[in-house]
**Student:** 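To start, I am sharing the structure in question, which I have written as C-alpha cells.
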Amino acid sequence: AVSMPAWSSRPAASAICRVPTVPKPSAATVEAVAIRFCSSPTKPTPAGPITVNVRISEPMSDVLITSEASNAVSDQVREAMSISLRGCEELLPQADWLRKLVRSEATGTPLRIKLGLDPTAPDIHIGHTVVLNKMRQLQDLGHTVIFLIGDFTSMIGDPSGRNTTRPALTREQIEANAQTYYAQASLVLDPQRTEIRYNSEWSDPLGARGMIQLASRYTVARMMERNDFHDRFHGGQSIAVHEFLYPLMQGYDSVALKSDLELGGTDQKFNLLMGRHLQQEYGQEPQCILTMPLLEGLDGVEKMSKSKNNYIGISEAPNTMFAKLMSISDELMWKYFTLLSFRPMAEIERLKAECAAGRNPRDAKVLLGQEIVNRFHGPQASEDALADFVNRARGGVPDDIPEVTLSLPEGGAGLGVGALLKQAGLVPSTSEAVRMIEQGGVKVDGGAVSDKALKLPAGVYVVQVGKRKFAKVTLKG
C-alpha cells in the first residue's frame, strides 16, 4: 500500500511517500516507511535522528521523513532558516520550524504565516513595520502570509504591557482605523500575495456557548503566570474578567487559520504561546512563534511611540522621514539596518566594517534613509529628500515650507518674536520660544535671533526653529 516515487530526486535529508487516507496509516506502516528510507541503496543514511510526519489529506496522505541533522537539509532550507532568524528575538521551537520548512520544500506546500494587528490607531509608524518586514521576507520565500485585522479583539482591548485596563474601542472607531491599516501595510507586503482576514469572521459566530467552551481549555492559574496580570494582582490593581478573554481569542485565531507560524513583538509572547496551546487542544499541529524586538525611537531609549513623539510615520512627508532617519545615533543605525533594511546581512556587515575602519557613518545613514523613503514614497522622492537634507545642512531653505499669515497687534506695533513663533505653530508656547532663542535655535531670514524682545513689523519673513522647522510668515497690519 506504500508508494515511494522518485526517491532519487529527493534531497538526502528527506523523502516523501503516499499512502491511502482510508484507512489511516498505522504506526507499523509509518515505521516501515522510515526503515525503507534509511535502508534505501540510493540514499545515504542521515547523520541525525529521524522524524516521521503524517499529514492527512484527501485522497492520499503525505508521510514525510526528515533528518534533523544540520548537514542534512538543503541550502534553500538553510537560507530560509537564516532569514527567519535575522533580527528576531526568539524563534520557538527552532527544531519544529526547521521540520516545517523541510516538509514545505518536500511537498511544495507553502506554510501559513500569521500576523495579527488590532486597529487601535489610524496610522502605522516604522516601529510597526519590523514584524511586517519579517512577513515580507517570508512571503518572498513563497509562503502564505495572513494579515489579520483584529476587529473583534479590538473591542476587548489587549492587556499586554498594561498596568491598567485598556479602554475598548467602539465599532465605528475600529472600522475607521481598519480602513487605513491594510493600505499602509501594503506598502511593505505584496498585496497580490497576502491573505487578508478579520477575526470577527469566526469570533462572532462562536457565541456564548463557544466562548465558555473555549475558556474551559485554559486555567486561571496559568493565566496569572502572565507578568502583567501577576504584577497588577499583587499591586492591588483591578483585572477585569474580559481581559482574560483577549489571549484566548488571539490564540483561537491560530486555530481558525491553522497557522504554522505566528509573528509578534516581544510583548506578545504569552498570546502567541496561547495559540500553540489551543491548537494542540483542538488536535492541530502547533504553530511556531517568532518574536521581533521592539524598535527604539529617535531618542534611542524609549520604544517608538507617537505619544513619546519619537516616531517616524510611514505616511510622513519624504523629506521629514529622511531627516528623522538621519538624526538617529550611529549606534542605533545598525539596529535599524538589521530590522528595517532589506539588504543582505553580509552587505550590512561589510558596511559596518568599513565605518569601523574610518568611513563616515553618515554615508551608511544616507543609504538607510534613502532605502526607507524609497519603500514608502518611491525612488524620486528619496533622491529629492537627500537633496533637501543637503540643502538644509548648508543653511538653505526647503522648497515645501508652510506659509502662514498673521496680523499685527492693534496700533500697528510689531509682533514679538516669541508670539510669532507660537502663532505660526513653530513652538508650543512662548516660554519654549524664549528657550529656543536663548539656545541660538531661532533664525529670521537666515540671521540668528538673540534678542528675546525683538518685534517684527509688517512684511514677509522666512522663520526657522531648530534644524527642521520652517515657515514663511506674512505679517499684515
**Student:** Given side chain to side chain donor-acceptor pair (under 3.5 Å), test Thr291 with Glu89 step by step and report yes or no.
**Tutor:** CA-CA 5 Å; Thr291 59; Glu89 192 77 17; over 6 Å; no
**Student:** Should the ring pair Phe147 and Tyr182 be called parallel, tilted or perpendicular, given that the plane angle runs from 0 to 90° and is split at 30 and 60?
**Tutor:**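 Phe147 and Tyr182: tilted rings.
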**Student:** Are the side chain of Glu201 and the backbone of Tyr198 linked by a donor-acceptor contact shorter than 3.5 Å?
**Tutor:**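 A pair under 3.5 Å: yes.
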**Student:** Go through the steps to decide whether Arg112 and Asp260 satisfy the test salt bridge (Lys or Arg N to Asp or Glu O under 4.0 Å), and finish with yes or no.
**Tutor:** CA-CA 5 Å; Arg112 293 178 61 77; Asp260 291 300; over 6 Å; no
**Student:** Do you know the tightest heavy-atom contact between Pro247 and Phe270?
**Tutor:**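 Scanning both residues, the minimum pair turns out to be CB-CE2, 4.0 Å.
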**Student:** Between Lys352 and Trp334, what is the shortest heavy-atom contact and its length?
**Tutor:**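 Minimum heavy-atom separation between Lys352 and Trp334: CA-CH2, 3.3 Å.
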**Student:** Kindly indicate whether the side chain of Val417, heavy atoms from C-beta on, has any atom under 4.5 Å from the side chain of Lys455.
**Tutor:**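 Side chain of Val417 against side chain of Lys455, heavy atoms only: no contact under 4.5 Å found.
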**Student:** For residues Leu340 and Ile372, determine if any side-chain heavy atom of one lies less than 4.5 Å from a side-chain heavy atom of the other.
**Tutor:**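 SC-SC contact between Leu340 and Ile372 confirmed.
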**Student:** Do Arg193 and Arg136 make a side-chain contact, defined as non-hydrogen atoms from C-beta onward lying under 4.5 Å apart?
**Tutor:**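 Yes, side chains in contact.
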**Student:** Nearest heavy-atom pair of Met333 and Ile328: which atoms, and what distance?
**Tutor:**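 Shortest heavy-atom contact: CA-CD1, 3.6 Å.
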**Student:** Is the terminal nitrogen or CZ of Lys324 (NZ for Lys, CZ for Arg) located under 6.0 angstrom from the six-membered ring centre of Tyr311 and within 45° of that ring's axis?
**Tutor:**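 Checked: cation-pi criterion met.
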**Student:** Picking from Thr153, Asn199, Asn271, what satisfies side-chain hydrogen bond (donor to acceptor under 3.5 Å, both in side chains) with Asp253?
**Tutor:**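 Result: among Thr153, Asn199, Asn271, Asn199 is the only option passing the side-chain hydrogen bond (donor to acceptor under 3.5 Å, both in side chains) with Asp253.
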**Student:** Report yes or no: does Asp151 contribute a side-chain atom to a donor-acceptor pair with the main-chain N or O of Ser200 at less than 3.5 Å?
**Tutor:**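 Checking the backbone N and O of Ser200 against the side chain of Asp151, a donor-acceptor pair under 3.5 Å is found.
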**Student:** Check step by step if side chain to side chain donor-acceptor pair (under 3.5 Å) holds for Thr144 and Glu195.
**Tutor:** CA-CA 7 Å; Thr144 300; Glu195 186 177 319; 5.8 Å; no
**Student:** What closest approach, in Å, do Leu351 and Ala364 show between heavy atoms, and which atom pair accounts for it?
**Tutor:**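 Closest approach of Leu351 to Ala364, heavy atoms only: CD2-CB, 3.7 Å.
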**Student:** How long is the straight-line distance from CE of Met249 back to CG of Leu278, given to the nearest 0.5 Å?
**Tutor:**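 Nearest 0.5 Å value for the CG-CE distance: 10.0 Å.
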**Student:** For Gln287 and Ser254, does a side-chain donor sit closer than 3.5 Å to a side-chain acceptor?
**Tutor:**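 There is such a pair between these side chains.
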**Student:** Could you give the side-chain donor-acceptor pairs of residues 420-429 under 3.5 Å, partners two or more places apart or in another chain?
**Tutor:**
{"from": "Ser429", "atom 1": "OG", "to": "Ser431", "atom 2": "OG", "distance (Å)": "3.0"}
{"from": "Ser429", "atom 1": "OG", "to": "Glu432", "atom 2": "N", "distance (Å)": "3.2"}

**Student:** Atom CG in Asn310, atom CG in Asp299: separation rounded to 0.5 Å?
**Tutor:**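 These two atoms lie 4.5 Å from each other.
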**Student:** Could you tell me whether the side chain of Asn133 reaches within less than 4.5 Å of the side chain of Leu339, counting heavy atoms only?
**Tutor:**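 The answer is no, as the side chains (C-beta and beyond) never meet within the 4.5 Å cut-off.
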**Student:** Does any non-hydrogen side-chain atom of Leu290 lie less than 4.5 Å from one of Glu262?
**Tutor:**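 Heavy-atom side-chain distance check fails, nothing below 4.5 Å.
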**Student:** Nearest heavy-atom pair of Gly300 and Leu332: which atoms, and what distance?
**Tutor:**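 The pair with the smallest heavy-atom distance is CA-CD2, 3.8 Å.
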**Student:** Listed by chain and number, what are the side chain to side chain donor-acceptor pair (under 3.5 Å) partners of Tyr461, not counting sequence neighbours?
**Tutor:**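 Per chain and number, Tyr461 pairs via side chain to side chain donor-acceptor pair (under 3.5 Å) with no residue.
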**Student:** Give a yes-or-no answer on whether the side chains of Glu403 and Thr474 include a donor-acceptor pair shorter than 3.5 Å.
**Tutor:**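 No, Thr474 and Glu403 have no side-chain donor paired with an acceptor closer than 3.5 Å.
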**Student:** Are the side chains of Met223 and Leu248 in touch, meaning some heavy atoms are under 4.5 Å apart?
**Tutor:**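 Side chain of Met223 against side chain of Leu248, heavy atoms only: contact under 4.5 Å found.
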**Student:** To the nearest 0.5 Å, what is the distance between OG1 on Thr129 and CG on Leu295?
**Tutor:**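 With rounding to 0.5 Å, OG1 (Thr129) is 7.5 Å from CG (Leu295).
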**Student:** Testing Arg99, Arg103, Lys258, Arg276 one by one against Glu285 for a salt bridge (Lys or Arg N to Asp or Glu O under 4.0 Å), which residue passes?
**Tutor:**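 Result for salt bridge (Lys or Arg N to Asp or Glu O under 4.0 Å) with Glu285: Arg103.
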**Student:** Which heavy atom in Leu138 sits nearest to a heavy atom in Ser84, and how many Å separate them?
**Tutor:**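 What the structure gives for the nearest pair is CD2-OG, 3.6 Å.
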**Student:** For Lys303, what residues pass the side chain to side chain donor-acceptor pair (under 3.5 Å) criterion, not counting sequence neighbours?
**Tutor:**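 In terms of side chain to side chain donor-acceptor pair (under 3.5 Å), with neighbours along the sequence ignored, Lys303 is linked to no residue.
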